Amino acid sequence: MSSHNLKYDFNAIEKKWQQRWQDDKIFQVEVDRKQPKFYLLEMFPYPSGRIHMGHVRNYSIGDVIARHKRMKGFNVMHPIGWDAFGLPAENAAIKNNSHPARWTYENIDYMKSQLRKMGFSYDWKREMATCDPEYYRWEQLFFVQLYKKGLVYQKVTTVNWCESCGTVLANEQVIDGCCWRCDQQIIPREMNGWFFKITDYAEELLNQCDSLVGWPDKVLTMQRNWIGKSVGAEVDFPIKGGDETLKIFTTRPDTIFGATFMSIAPEHPQVLKLAGVSGREKEVSEFVERTRLARQQQNSEDEPEKEGVFTGGYAINPYTGDELPIYAANFVLMEYGTGAVMAVPAHDQRDFEFARKYNIPVKVVIQPKGEELDSAGMTEAHEGPGILVNSADFNGMNSQEAKKAITEHGNAGGFAQSRTTYRLRDWGISRQRYWGAPIPMIHCPECGVQPVNEEDLPVRLPTDVSFAESGKSPLCDLESFYKTTCPKCGGEAHRETDTMDTFVESSWYYARYCCPGDTREALQKEAVDYWLPVDQYIGGVEHAILHLLYARFFAKILRDLGYLTIDEPFTNLLTQGMVIKDGTKMSKSKGNVVDPDDLVRQYGADTVRLFSLFAAPPERDLEWSDKGVEGAHRFLNRIYRFVMENREILLETRGKAAGSLAGADRDLHRKTHQSIRKVSRDFESLHFNTAISAIMELMNSLSAAAGESSKTNIASTVMKEAVEAIIQLLSPMAPHFCEELWEIIGHKSQLSRSQWPVFDQEAAREDEITLVVQVNGKLRSRMTVALGENEETLKKMALADQNVGKFIADKDIRKIIVVKNKLINIVV
RNA sequence: GCCUGGAUGGUGGAACUGGUAGACACCUGGGACUUAAAAUCCCAUGGGCCUUGCGCCCGUGCGAGUUCGAUUCUCGCUCCAGGCACCA
């Protein structure tokens, strides 16, 4: 066979090395205080059935980092597991008349085999699935402990209900008014449910965003916005004709003298009472009912017109004594602040629109610089800063000072105080579905709600269940499950049948990986103290708020329960872009899905890994290209052919490329060391695409220098050095392939255990450079000169240049700028 | 509306702290090898101009500015993607 047709046998090679790595257990790690640790984690997969290209990309990026860090001498923990609870399993079970556990574990088996075929360097001994009672028992323990600390509570409230999933969702799980999973419109519903008190940690979650310097700004911004802190004041407005007061929250106490009415949420408990006193029940309750219905049907896209109804009641502005009519208004939210606001139409756009609609007076109290606002002629509110007017003692102050002064004044008078609110709500974790971790609580008719005794955990999810078409959780009707005894009085009691949001499992799995097999403790102190925090975390940006916020919250509560000593779980975060095809996200309905199995069969795992790293930088979307994959495969074959053609020389050659090299030898030697430098730097900044192109350049230089035939034109030591550099530098991306070549050229020990190459400063140095000559900033000529050539000589050479001469011929030379080793610019 | 990013050849993408725009690859065209094809290798490949040169002009979304010099910095726009959105 002609050597041009020579191709590497990726099937055999990949199988061989996967087996060898497994036998030698080289990716299994233990706590070792003598070695620096590196904890690399990718977001674990949901076992949906098959690996998709997004996984391939995510895990390829992670594996490159893991393998590189290992070669750099770190004790690298790189675990994998399964986010195994969730609705698709249950839906599939209903459809196929099967069981979610069976569906889940079958999927895990298959996907595991797919991951193994990709050659990822996982410590498989740490594999775990969150649906395993040995996993969720600890979660139930945390739940009980948090309950005892008051960080878990139950309340009846308006929740987000997804009809198609048959369950409640947390606020974070509602995207544009629709379910994050199935995209159906959610509807508000009154329900009882369990909540984690994440709002207790709002301030810390916000503050520590500043410490997350290894996170993308985009994600931090999203988290900060989600938490939504606002600083302001709470003010009590007495209600006319009674002892009651109406409490409002405002961020603009400086505008309080401009309040001309009050607006309160339709659901506000005082609405109907006020209407009752004034005899306006009919109008008001009609309005409340109408708004409620409108909200249920409301399409999240369009904002309904501002509407309200006068309740008949008046509130008294404690600063002015003014009587302000109280309106129930459709744009006031019960869930935020106190559910009631003072309305200052001159300085709030919503209040302005409302006031114009209902002919309520507008009173200017803030004058912006260089303008004269006139309440009658205003067409929109002035929300910016300015100087106070019509505000009694506070006139003349700027709005910033006035906020403080007015709050203090109210504080002294006993009717106002500083207050900070957050947009973040408590995390509702009750799910009305079966396939999740049971909430370890018991409802006793005598003693009320009681936690399950810690020694009785886990509360196992029963397996002897049958599913209804409706999707209603079988736990509700399973007597053997819900019928229990009260842990306090021993009487007959009812077990909680809701399960936990599956985001709870993924909120702490990174910690459990440190000691996955421990049956006595949730988190082994020695292990978590050594391994945590995760040094590099990688996953899709779609979890910027959801999972990443919950995981941060769990780090803090586990710290406060005494399990962890870290504040933040992930030191560095990489959010990789999507894999797209033909400009859109891959999806079955669009028919543009690329199946990793097919690709691995056709080209081998190394090629697939290589292409997915080469085609785009990690954080950007990656446009899949079948032709591009072929290009990556060709590249590997070129290396293979080169090594095979020069095998004898490579095997025989001993000793280092060094000493006085000249000509092509010197050039290739230099290129090799420059490539090591470039690739090493690119690895530190996670620019794998440019690292690969640098290796391609080195390969191009090598084949050009070696010449067409194998009768090499270059020193064998220099050639071998270049070949070894290529193999080592490429090995994190194409590990099986490189291991094989490493062995072929005579190495006895595994490449995976070798040391990352170090570049030689001296070898990488250029002795000649191309100096650019510009005239007025335009490129006119190039000169090849010795590195560090004297400036005067360079100027003379530049001026003597023929082409340059054409442009400076009859002009005065004003200035000559010399940038060392780069360029000369002649200004005429 | 607000907050993030982004816009570079036919395509994916390079360009370190302002200093040769288009690295590396894909596509395409041409050539070598071959009876032929595949594979492989070589050459060309941003647009335009002519006087065909080691040439000139234009060119990094648009318009200004700073600078000897701007893909890079500043200001003002346009478009695209993502996030938030009656949050008082």
Side-chain angles (χ1 to χ4, degrees), chain A residues 2-7 175-176 216-226 228-230 232 248-252 255 263 300 303-306 329-333 335-344 348-351 353-354 421-425 541-542 544-545 577 611 614-617 619-632 634-635 637-638 641 678 681 685 687 689-697 699-700 703 708 770-783 801-803 806-807 814-817 819-828:
Chain A
S2 151
S3 69
H4 302 131
N5 289 323
L6 191 60
K7 291 199 161 146
I175 315 287
D176 282 338
D217 285 339
K218 177 174 56 167
V219 175
L220 293 174
T221 308
M222 282 163 74
Q223 293 227 344
R224 288 189 184 107
N225 288 345
W226 189 261
K229 178 178 180 172
S230 14
I248 62 104
F249 171 73
T250 180
T251 56
R252 295 297 303 274
T255 64
S263 8
S300 59
E303 202 170 277
E305 196 182 335
K306 286 168 190 48
N330 65 344
F331 62 90
V332 181
L333 307 172
E335 315 87 79
Y336 186 77
T338 61
V341 286
M342 67 172 192
V344 185
D348 182 287
Q349 187 57 29
R350 291 158 302 180
D351 297 343
E353 286 169 31
F354 195 89
T421 60
Y422 300 88
R423 213 188 70 111
L424 180 73
R425 309 280 151 70
V541 73
E542 64 273 17
I545 299 170
F611 177 73
F614 177 63
E619 62 280 1
R620 255 206 260 185
D621 283 352
L622 183 154
E623 171 74 35
W624 195 262
S625 152
D626 296 335
K627 293 290 186 184
V629 180
E630 278 177 36
R634 263 201 298 271
F635 174 59
N637 271 319
R638 274 178 65 207
R641 264 196 310 277
K678 166 87 174 136
R681 279 182 190 165
S685 53
H687 293 155
N689 56 331
T690 50
I692 293 167
S693 51
I695 300 169
M696 287 173 167
E697 279 189 57
M699 184 61 210
N700 291 346
S703 40
E708 182 61 34
T770 304
L771 190 86
V772 169
V773 186
Q774 297 180 337
V775 178
N776 284 350
K778 292 201 170 186
L779 175 73
R780 295 305 176 193
S781 180
R782 298 184 171 94
M783 308 189 297
D801 186 279
Q802 206 184 358
N803 201 45
K806 287 199 283 187
F807 291 89
R814 296 249 291 270
K815 201 174 0 169
I816 301 180
I817 291 156
V819 181
K820 216 179 154 218
N821 298 330
K822 277 254 167 71
L823 61 74
I824 291 187
N825 189 12
I826 302 166
V827 187
V828 296

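Proteins get letters first, then strands, A, B, ... in listed order; numbering begins at 1 in each. These figures come from a predicted structure and were not determined experimentally.
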Which part of the nucleic acid, if any, lies within reach of [X] when heavy atoms closer than 4.0 Å are counted: base, sugar-phosphate only, or nothing?
X	result
P617(A)	sugar-phosphate
N803(A)	sugar-phosphate
R780(A)	sugar-phosphate
R782(A)	base

- Per-nucleotide protein contact string for nucleotides 22-32 of chain B (B base, S sugar-phosphate only, - none; heavy atom under 4.0 Å): -BBSSS-----

In whole Å, I'd like the distance from the [atom1] atom of [X] to the [atom2] atom of [N].
X	N	atom1	atom2	answer
I817(A)	A70(B)	CD1	P	12 Å
Q349(A)	C2(B)	CD	C1'	14 Å
F807(A)	C68(B)	CZ	C1'	17 Å
K678(A)	C16(B)	NZ	C1'	8 Å
D801(A)	G55(B)	CG	P	10 Å

- Item | Phosphate OP1/OP2 of G5(B) contacted by K218(A) side-chain N/O (<4.0 Å) |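 For K218(A), the contact criterion (side-chain N or O under 4.0 Å from OP1 or OP2 of G5(B)) is not met.
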
- Taking only side-chain nitrogens and oxygens of K778(A), does any of them come within less than 4.0 Å of OP1 or OP2 of C58(B)? yes

- Starting at the 5' end of RNA chain B, write a dot or bracket for each base, bracketing those in Watson-Crick or G-U wobble pairs whose two distances are under 3.5 Å and using | for partners on another strand. (((((((..(((......[....))).(((((.......))))).(((((..).))))..(((((..]....))))))))))))....

- Task: Would you classify G9(B) as syn or anti? Syn applies when the glycosidic angle is within 90° of 0.
- Result: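 Syn.
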
- Item | Side-chain-base donor-acceptor pair under 3.5 Å for N225(A) and C84(B) | no

Show me, pair by pair, the donor-acceptor contacts under 3.5 angstrom made by side chains of residues 689-697 of chain A, not counting sequence neighbours?
from: T690(A); atom 1: OG1; to: D682(A); atom 2: OD2; distance (Å): 3.0
from: T690(A); atom 1: OG1; to: H687(A); atom 2: O; distance (Å): 3.0
from: S693(A); atom 1: OG; to: N689(A); atom 2: O; distance (Å): 3.4
from: S693(A); atom 1: OG; to: T690(A); atom 2: O; distance (Å): 3.0
from: E697(A); atom 1: OE1; to: K671(A); atom 2: NZ; distance (Å): 3.0

- Item | Nearest-nucleotide pick for K806(A), side chain only, options being G55(B), A88(B), C84(B) | G55(B)

- Task: Run the numbers on D801(A) and S781(A) for side chain to side chain donor-acceptor pair (under 3.5 Å), then give the verdict.
- Result: CA-CA 8 Å; D801(A) 186 279; S781(A) 180; 2.8 Å; yes

